[in-house]
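Below is one structure; the comments refer to it alone.
Every value quoted in this text rests on a predicted model; they were computed, and no experiment measured them. Because only heavy atoms are used, hydrogens play no part in the values below, and waters and symmetry mates are left out as well, while side chains stay in.
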Amino acid sequence: MSSDFNAPIQACTDPRHTGALRAKLGCNGPDPAGQPSAPDAPSAPAAGRFARGFRLVQRNGVTLDAAQFPTGRIVVMDDPHWGLCSGARSLELLLRSGYDGARVEWADEQLPARTALLEQLLGEAVDWIQEGDLRTRMLDAIDPPTTKASGE
């Protein structure tokens with residue numbers, strides 16, 4: 001066995017070796033626990049939160065289903081038929097590394113916009129419908145009548 005005393009010593013980067021244990025083991029180099037995390041590192045998971053779904057609409061029009069987890073990590077279903085997925089530590093990294101120019105549509109932000117559009121279209125359609133039961137039902141859908149049960 002040959003040992004080269006002139007070879008550089010590799011710093012210990014085991015995250016379990018911190019503080020007094022690090023000194024006891026004779027670890028060299030900076031303590032990994034004391035190092036700042038990378039700016040694109042995912043944040044700590046928030047208690048009680050769930051993954052948030054979204055659609056990734058690419059420049060060519062192809063839409064992919066995706067989810068962002070509470071840690072900030074992203075998973076995109078690239079090929080639903082074969083179950084192939086891509087992942088990234090953050091949405092910004094995902095968009096920079098392969099989905100440049102893609103648009104993100106968050107599921108929980110789409111419903112209010114679609115509801116507003118539906119109400120607008122329904123309001124415009126009422127003007128074209130003659131008096132009768134259908135027109136009355138459409139007007140009730142736009143502005144529901146108050147009832148004793150609703151407490152209004």
Side-chain angles (χ1 to χ4, degrees), residues 8-127 129 134-152:
I9 299 172
Q10 185 174 355
C12 175
T13 58
D14 191 329
R16 298 172 294 175
H17 298 175
T18 60
L21 175 63
R22 188 171 185 75
K24 183 178 178 181
L25 293 173
C27 296
N28 57 355
D31 188 346
Q35 298 298 315
S37 62
D40 59 349
S43 59
R49 292 190 46 209
F50 294 93
R52 183 178 179 204
F54 66 94
R55 287 199 173 129
L56 194 64
V57 182
Q58 299 178 74
R59 286 185 293 185
N60 62 3
V62 175
T63 302
L64 304 173
D65 292 325
Q68 181 178 35
F69 294 91
T71 60
R73 295 186 187 274
I74 303 287
V75 174
V76 179
M77 180 65 74
D78 294 314
D79 187 344
H81 180 72
W82 293 101
L84 301 175
C85 297
S86 296
R89 291 182 304 205
S90 69
L91 182 58
E92 292 77 23
L93 284 174
L94 179 82
L95 294 175
R96 275 191 277 154
S97 61
Y99 295 100
D100 189 38
R103 184 178 76 245
V104 174
E105 294 179 353
W106 294 100
D108 53 355
E109 294 174 1
Q110 293 299 310
L111 187 59
R114 290 183 179 175
T115 302
L117 177 63
L118 182 62
E119 288 177 351
Q120 176 187 353
L121 292 173
L122 193 58
E124 292 173 7
V126 167
D127 296 336
I129 306 242
L134 179 61
R135 182 181 172 100
T136 304
R137 285 187 289 156
M138 290 176 72
L139 288 170
D140 287 347
I142 295 171
D143 188 22
T146 59
T147 63
K148 292 181 182 178
S150 67
E152 295 179 1

Indicate yes or no: at least one non-hydrogen side-chain atom of V104 is less than 4.5 angstrom from one of L56. yes
Which value, rounded to the nearest 0.5 Å, describes the distance between Y99 atom OH and I74 atom CD1? 11.5 Å
Exam field: side chain D65 to backbone M77, donor-acceptor pair closer than 3.5 Å: no
Between [X] and [Y], which heavy-atom pair has the shortest distance, and what is it?
{"X": "W106", "Y": "G53", "answer": "CE3-O, 3.8 Å"}
{"X": "A51", "Y": "P70", "answer": "N-CD, 4.1 Å"}
{"X": "R59", "Y": "G101", "answer": "CG-O, 3.4 Å"}

